[in-house]
Amino acid sequence: MNITNNIKNIKESLPQNVTLVAVSKTKPNSDILEAYEAGQRIFGENKVQDLSKKYEELPKDIEWHFIGHLQSNKIKYIAPFVSLIHGVDSKKLLVAINKEGKKINRKINCLLQFHIAEESTKFGFTFEEISQMFQETSIADLEYIEICGVMGMATNTDNVNLVAKEFKNLKTVFTTLKQDYFANHHSFHIISMGMSGDYKIAIEQGSTMVRVGSSIFGARNY
Ligand SMILES: *Cc1c(COP(=O)(O)O)cnc(C)c1O
């Protein structure tokens, strides 16, 4: 894998308004540094322990995104430095993140994860759950959270039409939430969708942030 070239090629292919998150999970610091040297500053990890270790060891101007399933009892380890949490999928987790933010007086950027795929294994809110939550809970009560947008994962399939339809649904969710609850929130602007296999489709459907791992760093061995 030529990480430098991969970063360069992908960046050149992205529209200007689309942010690249380089998903470095399971990859060594040397790979991350190579991407860093190629100009990449935003990296995504899905394990709290790995993220904390890499944060300690790597340059401090890296923006670290958490893209995995976050457990409430582990929020405290990343709360002081994480720049965006992509996968917030329950009210319980939002409340817990808010509590950790309050403890350290830091507003934490989050994306609401939506269930858009047909597969039942993918985490996330349904639109009904979110509507209900915002009817019960005022966004203003979550003082230590900045809700910056939405995130979703499409079905893992070769069916391009299905993937496009799922991304389109997420875009609609974003637009509706923006209208109904975030009209005056400029920070609500991110649609995080698209990975190595489907980011081009995601961009066609309005993605503003893609999370690309294997197309940059090569396949992962777990
Ligand atoms: C691993 C992962 C990615 C990147 O996947 P690739 O197919 O390697 O690009 C993106 N988003 C999430 C949530 C992930 O867990």
Side-chain angles (χ1 to χ4, degrees), residues 1-11 13-14 18-28 31-32 34-35 38 40-52 54 62-71 74-75 78 82-90 93 97 109-125 148-160 162-164 166-167 169-171 173-174 190-222:
M1 269 286 154
N2 188 328
I3 295 170
T4 306
N5 275 349
N6 294 342
I7 288 276
K8 238 171 65 187
N9 292 338
I10 292 171
K11 276 200 162 164
S13 77
L14 296 181
V18 178
T19 302
L20 173 64
V21 179
V23 175
S24 50
K25 62 189 186 194
T26 78
K27 298 296 175 180
D31 284 4
I32 297 174
E34 187 174 343
Q40 182 63 25
R41 290 294 179 273
I42 305 176
F43 293 88
E45 290 282 332
N46 70 341
K47 297 264 187 316
V48 166
Q49 207 176 350
D50 295 346
L51 176 55
S52 305
K54 287 173 176 175
I62 289 178
E63 284 181 34
W64 291 104
H65 288 198
F66 186 78
I67 61 165
H69 189 66
L70 185 56
Q71 290 170 286
K74 293 191 175 162
I75 302 165
I78 62 170
V82 71
S83 69
L84 183 63
I85 298 175
H86 285 239
V88 181
D89 61 357
S90 71
L93 187 55
I97 294 169
N109 296 324
C110 293
L111 300 179
L112 302 170
Q113 181 169 359
F114 279 86
H115 183 90
I116 54 170
E118 281 192 335
E119 296 150 293
S120 58
T121 51
K122 300 252 157 67
F123 295 103
F125 285 108
C148 299
V150 299
M151 179 267 202
M153 284 161 94
T155 302
N156 185 8
T157 172
D158 292 335
N159 183 343
V160 172
L162 177 62
V163 171
E166 290 172 353
F167 286 147
N169 287 342
L170 186 59
K171 165 86 191 217
V173 164
F174 171 84
I190 297 173
I191 305 174
S192 167
M193 58 185 190
M195 323 192 343
S196 291
D198 57 19
Y199 74 90
K200 288 176 184 143
I201 306 169
I203 289 168
E204 282 170 10
Q205 297 303 328
S207 171
T208 68
M209 186 172 273
V210 294
R211 311 176 308 270
V212 180
S214 42
S215 289
I216 295 172
F217 298 107
R220 290 175 292 270
N221 309 305
Y222 287 101

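Order of listing sets the numbers, starting from 1, for every ligand and every atom in it.
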(request) Starting at CD1 of Ile191, measure out to CG of Leu170 and round the result to the nearest 0.5 Å. (result)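 Rounded to the nearest 0.5 Å, the CD1-CG separation comes to 6.5 Å.
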(message) Let me confirm one number: the CE-OG1 distance from Met209 to Thr19, rounded to the nearest 0.5 Å.
(response)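 The distance works out to 4.5 Å.
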Which ligand 1 atoms are under 4.0 Å away from a heavy-atom of [X]?
{"X": "Arg211", "answer": "4 (C), 9 (O), 10 (C), 11 (N), 12 (C), 13 (C)"}
{"X": "Val212", "answer": "9 (O)"}
{"X": "Ser196", "answer": "6 (P), 7 (O), 8 (O), 9 (O)"}

(message) Please report whether ligand 1 has a polar contact with Ser215, defined as an N or O pair separated by less than 3.5 Å (distance criterion only).
(response)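 So ligand 1 has no N or O lying under 3.5 Å from an N or O of Ser215.
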(message) Taking distance alone, with N or O pairs closer than 3.5 Å, would you say Ser214 contacts ligand 1?
(response)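 It does: an N or O of Ser214 is found under 3.5 Å from an N or O of ligand 1.
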(request) Check each of Lys25, His69, Glu45 against atom 15 (O) of ligand 1 and report the one with the nearest heavy atom. (result)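 Looking at heavy atoms only, the winner is Lys25.
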(message) With a sphere of 6.0 Å drawn around NZ of Lys8, does it hold more than 12 non-hydrogen atoms of other residues, nucleotides or ligands?
(response)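 No, NZ of Lys8 has 12 or fewer neighbouring heavy atoms, counting only those of other groups under 6.0 Å.
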(message) Quick check: closest heavy atoms across Tyr199 and Val210, and the distance to 0.1 Å?
(response)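 Looks like CB-CG1, 3.8 Å.
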(request) Of all the heavy-atom pairs spanning Ser196 and Ser215, show the shortest one and how long it is. (result)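 Taking every non-hydrogen atom into account, OG-N, 3.0 Å.
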(message) Contact between Ile75 and Leu70 at the side-chain level, heavy atoms closer than 4.5 Å - yes or no?
(response)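 Yes, their side chains come closer than 4.5 Å.
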(message) Residue-level breakdown please: for His86 versus ligand 1, do any non-hydrogen atoms fall below 4.0 Å on the side chain, on the backbone, on both, or on neither?
(response)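 Looking at His86 and ligand 1, no heavy atom falls under 4.0 Å.
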